[in-house]
Engineer: 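The structure under discussion is supplied below as structure tokens; questions concerning it will follow.
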Amino acid sequence: MEEKLVRVTLWLKKVYGDQPIPQYKVNARSVDILHQLAECNETRDRDISLLMDDMKQKTAEYGLEANYLQDLLAQSVNLSLTCLSKMGTHYLNALVDSAMALETKDTSLASFIPAINDLTSDLHKVESRNRELELELTTFREKLTKALVLEKRLQDDLKKTEEHVMVEKAKADSRTQNMKFLKNKSEDFKFRIKAAEEQLVANRMDPSLTHESLVSLSEKLAELKQQTRPLKKKLKSYLDLTPNPSLARVKIEEVKRELNALEEEFSAKVDMLALSVPEPRKHQFM
């Protein structure tokens, strides 16, 4: 730790120079952090120094090369930068900028032509790729349009489905309420029927006036009516007979009396049942 502290102290003196070093808490952690910063700073300084030396060397090399080229131009064609016109200097700068943009080793035609050819080839590749991308973009737009149309259609279908579900739910709720009402009504009818039966039993009602008996009588009446149909047909045939009308009238009167007797018996029993049924009681629904 002592060695690190000495190095940190020297580095801080180098950094702050004549200014006083700020106070800091000296412990193992702070010394380690400052030591790492010192190493990083010194490494960066060395890298910057090396880079500056390299740039100075390249600058010197470029200066020597420029002087050589200037001497060559002056000796071969008696041409110097000072004797060039403003337009000539502009063309020369444009030539240099073109060589730098094309990254050629020099400004000769042999260097420019391959560089331009490569650049043209790259341009064709980029244009071809752009056409492919435009085609893909067009296809993607068509697919996107179809997808949006499908999405809109699905949204409309979903909305209609939701509305239909709401309507069906309302119908189901209404049916449920009706079923509940009918169930309560059925329970009320059962209660009233039971009360009526108990009242009838208490009043010692004739068993022949019960609902089952009346239904049985109604079935018998229907059966008798069914049986009287051929008699009526036969009676009609008797009515059409002319030789002995008095005998036919006797038969007709007998059949009429039988029918009237059956109907009167049935009506009497129905009336007796209606009179014996008690008034319906009020029943509270659940």
Side-chain angles (χ1 to χ4, degrees), residues 4 7-8 10-12 14-17 19 29 32-159:
K4 290 183 179 180
R7 186 175 180 183
V8 167
L10 294 175
W11 173 70
L12 290 175
K14 182 180 178 181
V15 171
Y16 287 97
Q19 297 179 2
R29 178 175 174 78
D32 289 338
I33 294 173
L34 291 173
H35 186 266
Q36 292 178 2
L37 289 174
E39 288 183 346
C40 293
N41 187 266
E42 291 175 355
T43 303
R44 185 191 63 180
D45 291 342
R46 285 195 299 269
D47 293 340
I48 292 174
S49 178
L50 292 174
L51 181 61
M52 290 177 65
D53 293 340
D54 183 66
M55 295 297 292
K56 289 178 180 179
Q57 183 179 357
K58 286 184 178 180
T59 302
E61 291 176 356
Y62 289 152
L64 292 174
E65 186 176 0
N67 292 330
Y68 169 75
L69 292 175
Q70 287 180 2
D71 294 339
L72 181 63
L73 289 174
Q75 293 176 4
S76 60
V77 294
N78 194 22
L79 181 64
S80 64
L81 293 175
T82 57
C83 67
L84 289 176
S85 64
K86 185 177 180 180
M87 187 63 69
T89 304
H90 176 72
Y91 287 155
L92 183 60
N93 292 331
L95 185 63
V96 173
D97 293 338
S98 299
M100 293 179 65
L102 294 174
E103 297 180 355
T104 59
K105 64 180 181 178
D106 52 33
T107 58
S108 63
L109 189 62
S111 298
F112 271 112
I113 291 177
I116 292 174
N117 290 336
D118 292 340
L119 189 62
T120 304
S121 178
D122 293 340
L123 178 62
H124 289 326
K125 291 180 181 178
V126 171
E127 290 178 349
S128 177
R129 181 57 181 168
N130 287 339
R131 286 192 294 270
E132 292 177 358
L133 290 176
E134 288 179 357
L135 182 60
E136 292 179 0
L137 181 60
T138 302
T139 305
F140 178 74
R141 285 176 178 172
E142 292 177 355
K143 292 181 179 180
L144 180 61
T145 303
K146 293 179 180 179
L148 291 175
V149 173
L150 180 60
E151 182 183 7
K152 182 65 169 60
R153 189 180 303 168
L154 291 175
Q155 289 178 351
D156 294 339
D157 294 341
L158 179 61
K159 184 177 179 181

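Here the structure is a predicted model, which means the values were calculated and not measured.
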Engineer: In chain order, what residues pass the side-chain contact (heavy atoms from CB on, under 4.5 Å) check against Leu10, with sequence neighbours excluded?
Structural biologist: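 In terms of side-chain contact (heavy atoms from CB on, under 4.5 Å), with neighbours along the sequence ignored, Leu10 is linked to Val6.
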Engineer: Just to verify, what does Ala38 make a side-chain contact (heavy atoms from CB on, under 4.5 Å) with, not counting sequence neighbours?
Structural biologist: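 Ala38 satisfies side-chain contact (heavy atoms from CB on, under 4.5 Å) with Trp11 only.
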Engineer: Report the residues that fulfil side chain to side chain donor-acceptor pair (under 3.5 Å) with Asp156, sequence neighbours left out, ordered by chain and then residue number.
Structural biologist: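 For Asp156, the residues satisfying side chain to side chain donor-acceptor pair (under 3.5 Å) (neighbours in sequence not counted) are Lys152.
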Engineer: Partners of Ile113 by side-chain contact (heavy atoms from CB on, under 4.5 Å), sequence neighbours excluded?
Structural biologist: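 Partners of Ile113 by the side-chain contact (heavy atoms from CB on, under 4.5 Å) criterion, ordered by chain and then number, come out as Leu109, Asn117.
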Engineer: Roughly how far apart are Met55 CE and Gln57 CD, rounded to 0.5 Å?
Structural biologist: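 One finds 11.5 Å between CE of Met55 and CD of Gln57.
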Engineer: Atom CD1 of Ile48 and atom CG of Asn41: how far apart are they, to the nearest 0.5 Å?
Structural biologist: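 So the CD1 of Ile48 and the CG of Asn41 are separated by 8.5 Å.
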Engineer: Please enumerate all residues that pass side chain to side chain donor-acceptor pair (under 3.5 Å) together with Glu42, with sequence neighbours excluded.
Structural biologist: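 Arg7.
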Engineer: Pairs in or reaching into residues 138-147: which pass side chain to side chain donor-acceptor pair (under 3.5 Å), with residues at least two apart or in two chains?
Structural biologist: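 Checked against side chain to side chain donor-acceptor pair (under 3.5 Å) - neighbours excluded - no pair reaches residues 138-147.
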Engineer: Can you give me every donor-acceptor pair (side chain of residues 120-132, partner residue at least two apart or in another chain, under 3.5 Å) with its distance?
Structural biologist:
{"from": "Thr120", "atom 1": "OG1", "to": "Ile116", "atom 2": "O", "distance (Å)": "2.7"}
{"from": "Arg129", "atom 1": "NH1", "to": "Glu132", "atom 2": "OE1", "distance (Å)": "3.3"}
{"from": "Asn130", "atom 1": "ND2", "to": "Val126", "atom 2": "O", "distance (Å)": "3.2"}

Engineer: Restricting to pairs with a member in residues 43-62, which pass salt bridge (charged side-chain N to carboxylate O under 4.0 Å, His left out), not counting sequence neighbours?
Structural biologist: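 Those involving residues 43-62 are Asp54-Lys58.
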Engineer: What residues form a side-chain contact (heavy atoms from CB on, under 4.5 Å) with Leu154, not counting sequence neighbours?
Structural biologist: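 Testing Leu154 for side-chain contact (heavy atoms from CB on, under 4.5 Å), a comparison that skips the adjacent residues, returns Leu150.
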Engineer: When rounded to the nearest 0.5 angstrom, what is the spacing between CG in Leu148 and CD in Gln155?
Structural biologist: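 Rounded to the nearest 0.5 Å, the CG-CD separation comes to 9.5 Å.
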Engineer: Asp118: what forms a side chain to side chain donor-acceptor pair (under 3.5 Å) with it, not counting sequence neighbours?
Structural biologist: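 Asp118 satisfies side chain to side chain donor-acceptor pair (under 3.5 Å) with no other residue.
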